[in-house]
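Being a predicted model, the structure only gives us computed values, none of them experimental.
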2 protein chains.
Amino acid sequence: MGHNKPSTAGEVPADLARLWRLSASARRGRPAELDVDRVVGAAVDLADREGLDGVTLQKVAQALGFTKMSLYRHVGSKEELVELMADHATGSAPGLDADSWRDGVHWWAAAIRARYAEHPWLVEVPVVGPPRGPNAIGWMDAFLRVLCDTGLDPGTKAGVLVVVSGYVRNAIQQGRQMAEGRRGTGLSQADNEQNYGRALAALVHPERFPEAALLFKAGAFETEPGENPEDQDFVFGLDLILDGVEAAIARINR
Amino acid sequence: MGHNKPSTAGEVPADLARLWRLSASARRGRPAELDVDRVVGAAVDLADREGLDGVTLQKVAQALGFTKMSLYRHVGSKEELVELMADHATGSAPGLDADSWRDGVHWWAAAIRARYAEHPWLVEVPVVGPPRGPNAIGWMDAFLRVLCDTGLDPGTKAGVLVVVSGYVRNAIQQGRQMAEGRRGTGLSQADNEQNYGRALAALVHPERFPEAALLFKAGAFETEPGENPEDQDFVFGLDLILDGVEAAIARINR
DNA sequence: CGCAGTTAGTGTACCGGAGATACTATCCAT
DNA sequence: ATGGATAGTATCTCCGGTACACTAACTGCG
């Protein structure tokens with residue numbers, strides 16, 4: 001599936017070539033009005049407005065004033081489009097300088113978190129493999145650079161990256177969902193009232209799920225309006241992990 | 001979307017009622033030949049064989065010898081079916097007893113990991129909200145019970161749960177993908193040969209991505225046949241996090 | 001200058017999936 | 001037995017992704 005477009009680097013598969021923008025910009029034939037970036041840009045705009053499900057080849061093409069099929073000349077498949085969108089929306093990693101690796105990681109995490117906030121649909125993009133896009137690699141590299149002077153060996157650094165980035169993604173996802181749950185759009189408010197928090201509180205019987213019941217009874221999954229504990233929660237979890245990293249570093253440099 | 005089926009507990013929405021099997025098993029009218037469990041069972045079988053994408057109402061119905069539409073009487077929507085499948089495949093949490101909370105968490109993690117191994121498609125199920133099914137809640141409860149005597153407050157325990165379960169899911173996903181990458185099915189072997197690891201090694205230039213390039217050059221993303229570092233990697237990351245938890249506990253009980 | 005070859009965008013048609021609706025079949029309680 | 005409730009079916013619509021064959025636009029060569 002997906003056609004093969006010639007690329008400068010002979011060995012790179014077509015989809016990777018597009019992801020890294022290696023196209024040799026054909027000098028013969030009809031010049032292209034469209035290009036990968038315009039397609040991806042339109043798709044990202046759409047996703048920002050309507051979410052990932054709202055992105056359809058039809059609508060993307062419509063937004064650009066072209067036919068659905070013309071997109072296939074530039075992206076190969078819907079799946080690939082999503083990957084391109086994700087890498088584009090992730091953006092290039094900011095250069096960072098921090099005094100300690102710990103500050104650096106905090107900064108890194110906050111930075112991606114901000115990107116996710118700009119493009120909430122990013123968390124819906126299924127993770128289908130290790131990072132492949134230039135931007136994703138850039139973030140990865142930025143993270144690894146933060147850990148440069150820790151004395152950790154490469155494998156360990158990679159492990160830390162996996163853990164931290166997984167945590168960030170997860171935390172954002174979780175946060176987004178809760179926010180969604182308490183969105184009071186007029187009519188659905190009554191629905192939300194009895195919504196999952198409460199419904200589950202009724203289902204989770206203390207004798208069967210003692211510990212979980214405590215959490216639900218305490219309303220740990222309902223956020224009171226006014227306070228915004230999300231940031232603190234985020235930082236808490238991150239610091240938890242970083243304490244672990246610190247222990248690892250201490251162990252190595254002992 | 002989704003119809004409302006009456007349930008014993010008046011206040012519980014229909015989908016939750018089905019998830020918790022609260023149906024009042026109608027006493028009038030034609031008796032059902034089908035039920036939620038048969039539908040879910042067939043769907044899970046299908047997913048085990050063909051992956052989550054292979055699950056289609058059509059095929060599930062076919063496997064059961066019914067029409068597609070009959071399923072809607074029992075599951076409300078495809079999305080709900082997937083949720084039901086996930087909770088079913090996750091299975092009930094095993095009772096566990098360990099000497100230390102640390103052993104307990106290891107055990108817990110290994111146990112879910114095993115479940116994921118039985119139903120690899122579980123990682124493809126999009127996480128659309130906090131745990132809602134009885135089995136998911138059961139696992140949650142089991143985890144919290146492990147942390148019972150640590151002195152951590154409920155919020156912190158929940159935070160730890162989020163971090164750990166996120167890690168496990170992530171690690172499994174990652175592992176699965178790498179395994180997929182190196183699946184040599186005859187013809188695609190040549191494809192795989194130059195596949196992503198190598199292609200990326202060519203794209204990730206040391207001057208632009210110094211740290212990442214090191215990783216790719218070192219072949220950190222290619223697994224040699226023979227050794228199986230997956231387990232060690234998994235445990236490594238878990239212990240990293242648990243070191244952090246340990247620090248938190250120490251801090252509290254100080 | 002104009003034609004050959006190349007590349008971009010279009011039209012159309014297909015496959016397959018989700019789901020709405022209206023139907024028929026079946027069975028219980030009265 | 002029969003009427004009301006429930007289970008399963010037959011069809012139909014909508015829509016998304018994609019293959020394929022076409023037309024349109026342009027370039028460089030002869």
Under 3.5 Å, which protein N or O atoms sit close to an N or O of nucleotides 21-27 of chain D? Give each pair with its distance.
from, atom 1, to, atom 2, distance (Å)
dA24(D), N3, R30(A), NH1, 3.2

For this session: Grab the CE-P distance between M69(A) and dC20(D) for me, whole Å please.
Result: 10 Å
Seminar exercise, completed: From CD of Q62(A) across to P of dT10(C) the rounded distance in Å is 13 Å
Exercise. Rounded to the Å, how far apart are E80(B) CD and dG19(C) P?
Worked result: 11 Å
Exercise. Starting at NZ of K78(B) and ending at C1' of dG16(C), how long is that distance when rounded to a whole Å?
Worked result: 12 Å
Exercise. What residues form a side-chain contact (heavy atoms from CB on, under 4.5 Å) with P126(A), not counting sequence neighbours?
Worked result: none
Problem set entry | All side-chain hydrogen bond (donor to acceptor under 3.5 Å, both in side chains) counterparts of R21(A), not counting sequence neighbours | D37(A)
Exercise. Considering residues at least two apart in sequence or located in another chain, which fulfil the salt bridge (charged side-chain N to carboxylate O under 4.0 Å, His left out) criterion with R28(B)?
Worked result: none
Exercise. Counting just side-chain N and O atoms, does H74(B) come under 4.0 Å of either OP1 or OP2 of dG8(D)?
Worked result: yes
Problem set entry | Rounded distance in Å - CD (E79(A)) to C1' (dG16(D)) | 15 Å
For this session: Go through the structure and list residues passing side-chain contact (heavy atoms from CB on, under 4.5 Å) with P134(A), not counting sequence neighbours.
Result: L19(A), W20(A), D87(A), R208(B)
Seminar exercise, completed: When rounded to whole Å, the CG to P distance for the pair L64(A) and dT10(C) reads 11 Å
Problem set entry | Results of salt bridge (charged side-chain N to carboxylate O under 4.0 Å, His left out) for D233(B) - residues two or more places apart only | none
Problem set entry | All salt bridge (charged side-chain N to carboxylate O under 4.0 Å, His left out) counterparts of R38(B), not counting sequence neighbours | none
For this session: Compare the minimum distances between each of dG8(D), dA8(C), dT10(C) and the side chain of A32(A), then state the nucleotide with the smallest one.
Result: dA8(C)
Exercise. Ignoring hydrogens and angles, does a donor from either the side chain of K68(A) or the base of dG17(D) sit under 3.5 Å from an acceptor on the other?
Worked result: yes
For this session: Respond yes when some side-chain nitrogen or oxygen of T67(A) is under 4.0 Å from OP1 or OP2 of dT10(C), and no when none is.
Result: yes
Exercise. Does R113(A) count as lying over the ring of F234(A), i.e. NZ or CZ under 6.0 Å from the six-ring centre, within 45 degrees of the axis?
Worked result: yes
For this session: Report yes if the side chains of W108(A) and W139(A) come closer than 4.5 Å at any heavy-atom pair, otherwise no.
Result: yes
Seminar exercise, completed: Residue set satisfying salt bridge (charged side-chain N to carboxylate O under 4.0 Å, His left out) with E50(A), at least two apart, ordered chain then number -> K59(A)
Seminar exercise, completed: Note: contacts of residues 50-61 of chain B with DNA chain C (heavy atom, under 4.0 Å) are T56(B), L57(B), Q58(B)
Exercise. Who pairs with H88(A) by side-chain contact (heavy atoms from CB on, under 4.5 Å), at least two apart in sequence or on another chain?
Worked result: V40(A), V44(A)
Exercise. Considering the terminal five base pairs at each end of the helix from dC1(C)-dG30(D) to dT30(C)-dA1(D), what angle separates the two local helix axes, rounded to 10°?
Worked result: 10°
For this session: Counting heavy atoms from C-beta on, name the nucleotide in dG9(C), dA18(C), dT11(D) closest to the side chain of Y72(B).
Result: dA18(C)
For this session: Establish, from distance only, whether the side-chain atoms of H119(A) and D48(A) form a donor-acceptor pair under 3.5 Å.
Result: yes
For this session: Let me know the distance between CZ of F66(B) and P of dA10(D), rounded to the nearest Å.
Result: 12 Å
Exercise. Between S70(A) and dA8(C), is there a side-chain N or O to OP1/OP2 distance below 4.0 Å?
Worked result: no
Exercise. What residues, two or more places apart in sequence or in another chain, satisfy side-chain contact (heavy atoms from CB on, under 4.5 Å) together with V162(A)?
Worked result: N170(B), Q174(B)
